[in-house]
Amino acid sequence: MRKAGKIVATIFALACLVLSTFTVVLAFASKSDQENPENSAGEMKQVTADDNATESDQEDIKTPTDAVKFLSEDVDFGKAMSRGSVGCILSLVIVVSVFVNVPKWPFLPPAIASVAAIGGAIYCTLITWIFVIALIGTVLVMVASLRQS
């Protein structure tokens, strides 16, 4: 049960790390688009200005264009940046705490990882479900550690 918990917690903590990093990158991209809207609008016009494209191709191009406009206009830089960076930190705490073995206190590192997973699930609303699965893995490690001690 301990190995299974470590594997589950690590996999989902690393997924949280990747998504949190993506959130930070998205925040920076949206900030640059918000500061220079004419640059992003010009690039999007170049992408969609294909005279030889059929109507279905134009619709295919229009969907990503709308998504980029939505992300560049409606993302709050402060929230995305804080949630992404906190998610990265908490993910690293989970990964490190799950792999640390303290012979005198086998309960302490999984408990720290569980608290980090709970904090991530509460604060990082974008990736809550991944933190919840990482929490399940850390609880498995904690229960196995309690049984051994």
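We count residues from 1, following the sequence as given. Values below: all heavy atoms of this structure, side chains included; hydrogens, waters and symmetry mates excluded.
- A continuous path of ILVMFWY side-chain contacts below 4.5 Å connects Val86 to Trp129, so both sit in one hydrophobic cluster.
- Here the side chains of Ile112 and Ser97 are in contact, with some heavy-atom distance below 4.5 Å.
- The hydrophobic clustering, which links ILVMFWY residues whose side-chain heavy atoms are closer than 4.5 Å, places Tyr123 and Ile130 together.
- Summarising the geometry of Ala134 relative to Ala117, their closest heavy-atom pair is C-CB, 4.4 Å, with the distance given to 0.1 Å.
- Separating the CG atom in Leu108 from the CE atom in Met142 is a distance of 11.0 Å, to the nearest 0.5 Å.
- Taking every heavy atom of both residues into account, Val141 and Gly5 meet most closely at CG2-C, 3.4 Å.
- With sequence neighbours excluded, the residues forming a side-chain contact (heavy atoms from CB on, under 4.5 Å) with Thr10 are Leu14, Val98, Phe99, listed by chain and number.
- Residues Ser85 and Val24 approach most closely at N-CG2, 3.7 Å, considering heavy atoms.
- Scanning all heavy atoms of the two residues, the minimum distance from Gly84 to Ser20 falls at O-CB, 3.3 Å.
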Could you list the donor-acceptor pairs under 3.5 angstrom formed between side-chain atoms of residues 88-96 and any protein atom two or more places apart in sequence or on another chain?
unit_1, atom_1, unit_2, atom_2, d
Ser91, OG, Leu17, N, 3.4
Ser91, OG, Gly87, O, 2.7

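- A distance of 4.0 Å separates CD1 of Ile133 from CZ of Phe12, quoted to the nearest 0.5 Å.
- Atom-to-atom distance recorded for Leu135:CG and Phe131:CZ is 10.5 Å, nearest 0.5 angstrom.
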